[in-house]
Amino acid sequence: MILTHIEHLGIAVKSIEACLPYYEGVLGLKCYNIEVVADQKVRTAFFKVGQTKIELLEPTGEDSTIAKFIEKRGEGIHHIAFATPSVADALAEAADSGVQLIDKAPRRGAEGMDIAFLHPKSTCGILTELCMEGTK
Ligand code: CO
(Lines give C-alpha, C1' and ligand atoms only; values in the text may rest on other atoms or scores of the structure.)
Protein backbone atom coordinates (compact mmCIF):
# COMPACT_ATOMS: atom_id res chain seq x y z
CA MET A 1 0.00 0.00 0.00
CA ILE A 2 1.29 3.48 -0.80
CA LEU A 3 0.72 6.05 1.96
CA THR A 4 2.34 9.46 1.67
CA HIS A 5 1.55 11.16 4.98
CA ILE A 6 -0.98 11.55 7.76
CA GLU A 7 -3.66 13.60 6.02
CA HIS A 8 -5.60 14.36 9.18
CA LEU A 9 -6.48 13.29 12.68
CA GLY A 10 -10.18 13.13 13.44
CA ILE A 11 -10.98 14.27 16.97
CA ALA A 12 -14.43 13.83 18.52
CA VAL A 13 -15.59 16.87 20.48
CA LYS A 14 -18.88 17.87 22.05
CA SER A 15 -18.65 21.44 20.75
CA ILE A 16 -16.43 22.95 18.06
CA GLU A 17 -17.00 26.45 19.47
CA ALA A 18 -15.82 25.34 22.91
CA CYS A 19 -12.55 24.09 21.34
CA LEU A 20 -11.72 27.19 19.28
CA PRO A 21 -10.06 29.08 22.17
CA TYR A 22 -7.62 26.19 22.56
CA TYR A 23 -6.89 25.45 18.89
CA GLU A 24 -6.81 29.06 17.75
CA GLY A 25 -5.90 30.95 20.91
CA VAL A 26 -3.38 28.58 22.49
CA LEU A 27 -2.02 26.57 19.56
CA GLY A 28 -2.29 29.49 17.15
CA LEU A 29 -3.91 27.45 14.37
CA LYS A 30 -6.49 29.01 12.08
CA CYS A 31 -9.83 27.30 11.54
CA TYR A 32 -10.17 27.59 7.74
CA ASN A 33 -13.39 25.67 7.18
CA ILE A 34 -16.46 24.52 9.09
CA GLU A 35 -18.71 22.15 7.21
CA VAL A 36 -21.71 19.92 7.94
CA VAL A 37 -21.52 16.40 6.51
CA ALA A 38 -25.23 15.63 6.65
CA ASP A 39 -25.15 11.89 5.93
CA GLN A 40 -22.67 11.35 8.79
CA LYS A 41 -24.60 13.64 11.16
CA VAL A 42 -21.45 15.53 11.94
CA ARG A 43 -20.12 19.08 11.82
CA THR A 44 -16.43 19.37 11.02
CA ALA A 45 -13.87 22.10 11.64
CA PHE A 46 -10.48 22.06 9.94
CA PHE A 47 -7.09 23.35 11.01
CA LYS A 48 -3.75 22.86 9.28
CA VAL A 49 -0.39 21.95 10.82
CA GLY A 50 2.16 21.63 8.02
CA GLN A 51 0.54 19.29 5.51
CA THR A 52 -1.50 17.54 8.20
CA LYS A 53 -4.94 18.66 9.26
CA ILE A 54 -6.83 18.45 12.50
CA GLU A 55 -10.48 17.62 11.88
CA LEU A 56 -12.76 18.32 14.83
CA LEU A 57 -15.94 16.24 14.68
CA GLU A 58 -19.01 17.47 16.50
CA PRO A 59 -22.20 15.38 16.49
CA THR A 60 -25.30 17.04 15.03
CA GLY A 61 -27.70 14.50 16.56
CA GLU A 62 -27.86 11.91 19.31
CA ASP A 63 -27.86 9.08 16.76
CA SER A 64 -24.60 10.32 15.24
CA THR A 65 -21.73 7.81 15.44
CA ILE A 66 -19.67 10.63 16.96
CA ALA A 67 -22.27 11.13 19.72
CA LYS A 68 -22.08 7.40 20.46
CA PHE A 69 -18.28 7.47 20.43
CA ILE A 70 -18.19 10.37 22.94
CA GLU A 71 -20.77 8.66 25.13
CA LYS A 72 -18.70 5.48 25.26
CA ARG A 73 -15.13 6.78 25.28
CA GLY A 74 -15.29 10.50 25.92
CA GLU A 75 -13.85 13.24 23.73
CA GLY A 76 -10.58 12.38 22.01
CA ILE A 77 -8.94 10.92 18.93
CA HIS A 78 -11.58 9.22 16.82
CA HIS A 79 -9.63 8.22 13.71
CA ILE A 80 -6.39 8.59 11.81
CA ALA A 81 -6.45 9.33 8.08
CA PHE A 82 -3.62 8.41 5.73
CA ALA A 83 -3.23 10.03 2.33
CA THR A 84 -2.83 7.71 -0.62
CA PRO A 85 -2.63 8.33 -4.37
CA SER A 86 -5.54 5.92 -4.91
CA VAL A 87 -8.11 5.06 -2.27
CA ALA A 88 -9.53 2.30 -4.50
CA ASP A 89 -6.10 0.63 -4.86
CA ALA A 90 -5.29 0.92 -1.14
CA LEU A 91 -8.71 -0.49 -0.27
CA ALA A 92 -8.23 -3.43 -2.63
CA GLU A 93 -4.84 -4.18 -1.07
CA ALA A 94 -6.30 -4.03 2.44
CA ALA A 95 -9.09 -6.40 1.42
CA ASP A 96 -6.57 -8.80 -0.15
CA SER A 97 -4.69 -8.81 3.16
CA GLY A 98 -7.82 -9.83 5.03
CA VAL A 99 -8.51 -6.48 6.64
CA GLN A 100 -12.15 -5.92 7.58
CA LEU A 101 -13.50 -2.98 5.57
CA ILE A 102 -16.17 -0.55 6.69
CA ASP A 103 -16.45 0.83 3.14
CA LYS A 104 -16.23 -1.65 0.28
CA ALA A 105 -15.70 1.21 -2.16
CA PRO A 106 -14.48 4.81 -1.84
CA ARG A 107 -17.15 7.37 -0.95
CA ARG A 108 -17.36 11.13 -0.74
CA GLY A 109 -16.23 12.65 2.57
CA ALA A 110 -15.68 16.15 3.92
CA GLU A 111 -13.91 18.56 1.55
CA GLY A 112 -15.15 16.48 -1.39
CA MET A 113 -12.40 13.88 -0.99
CA ASP A 114 -12.59 10.18 -1.77
CA ILE A 115 -12.40 8.31 1.52
CA ALA A 116 -12.84 4.80 2.90
CA PHE A 117 -12.61 3.37 6.40
CA LEU A 118 -10.97 0.21 7.71
CA HIS A 119 -12.47 -1.47 10.76
CA PRO A 120 -10.60 -0.98 14.07
CA LYS A 121 -10.83 -4.73 14.71
CA SER A 122 -8.31 -5.18 11.89
CA THR A 123 -6.15 -2.11 12.58
CA CYS A 124 -4.89 -2.57 16.13
CA GLY A 125 -7.74 -0.56 17.58
CA ILE A 126 -7.61 2.67 15.56
CA LEU A 127 -10.40 3.50 13.17
CA THR A 128 -8.38 4.09 10.01
CA GLU A 129 -9.34 6.26 7.06
CA LEU A 130 -7.73 6.17 3.67
CA CYS A 131 -8.14 9.38 1.74
CA MET A 132 -7.16 10.78 -1.57
CA GLU A 133 -3.93 12.70 -1.70
CA GLY A 134 -3.52 16.09 -3.28
CA THR A 135 -6.72 17.93 -2.57
CA LYS A 136 -7.02 21.13 -0.57
CO1 CO B 1 -11.60 11.89 8.57
- Message: Between V42 and V36, is there shared hydrophobic-cluster membership here, with clusters defined by ILVMFWY side-chain heavy atoms closer than 4.5 Å?
- Response: no
- Looking only at heavy atoms, the pair that brings A116 and P106 closest together is CB-CA, 4.4 Å
- Query: Between CG of L20 and CZ of F47, what distance do you get to the nearest 0.5 Å?
  - Reply: 5.0 Å
- Can you tell if the side chain of R108 reaches within under 4.5 Å of the side chain of D114, non-hydrogen atoms only? yes
- Message: Under 4.5 Å between side-chain heavy atoms, counting indirect links through other Ile/Leu/Val/Met/Phe/Trp/Tyr residues: same cluster for I77 and Y23 or not?
- Response: yes
- Message: Please check this pair: side chain of E75 against backbone of K14, looking for a donor-acceptor N/O pair closer than 3.5 Å.
- Response: yes
- Item | CA sep, side-chain torsions, deciding dist, call: H79, F69, side-chain contact (heavy atoms from CB on, under 4.5 Å) | CA-CA 11 Å; H79 66 272; F69 177 90; over 6 Å; no
- Could you walk me through whether V87 and I115 pass the side-chain contact (heavy atoms from CB on, under 4.5 Å) check? CA-CA 7 Å; V87 176; I115 64 165; 5.9 Å; no
- Looking at S64 and K41, what are the two nearest heavy atoms and their distance? OG-O, 3.0 Å
- Message: Nearest 0.5 Å, please: how far is CZ in F46 from CG in L29?
- Response: 14.0 Å
- Calculate, to the nearest 0.5 Å, the distance between atoms NZ and CD1 belonging to K48 and I54 respectively. 12.5 Å
- Item | Side chains of I6 and F82 in contact at under 4.5 Å (non-hydrogen atoms) | yes
- Are side-chain heavy atoms of H8 and E129 found at a separation under 4.5 Å? yes
- Could you tell me whether I2 atom CD1 has more than 12 heavy atoms of other residues or ligands within 6.0 Å of it? no
- Message: If I compare all heavy atoms of A45 with all of C31, which pair ends up nearest, and what's the gap?
- Response: CB-SG, 4.0 Å
- Message: Give me the atom names and distance for the closest heavy-atom approach of D103 to L91.
- Response: O-CD2, 3.5 Å
- Query: Passes side-chain contact (heavy atoms from CB on, under 4.5 Å), V13 versus I66? Steps please.
  - Reply: CA-CA 8 Å; V13 300; I66 297 301; over 6 Å; no
- Do the side chains of I34 and L27 join up, straight or via other hydrophobic residues, at under 4.5 Å, putting them in one cluster? yes
- Message: So which atom in K53 and which in Y32 form the shortest heavy-atom distance, rounded to 0.1 Å?
- Response: CD-OH, 3.0 Å
- Item | Partner of R43 under salt bridge (Lys or Arg N to Asp or Glu O under 4.0 Å), chosen from E55, E35, E58 | E58
- Query: Minimum heavy-atom separation for Q40 to R107, with atom names?
  - Reply: NE2-NH1, 3.3 Å
- Would I11 and H78 satisfy side-chain contact (heavy atoms from CB on, under 4.5 Å), going step by step from the backbone distance to the final call? CA-CA 5 Å; I11 300 175; H78 174 261; over 6 Å; no
- Query: To the nearest 0.5 Å, how far apart are CG in L101 and CG in L118?
  - Reply: 6.5 Å
- Judged by atom type as modelled, is there a donor-acceptor pair below 3.5 Å linking the side chain of S122 to the main-chain atoms of Q100? yes
- Message: Please check: side-chain N/O of T84 versus main-chain N/O of L130, any donor-acceptor pairing under 3.5 Å?
- Response: no
- Identify whether M113 and I102 are in the same connected component of the hydrophobic contact network (ILVMFWY, side-chain heavy atoms under 4.5 Å). yes
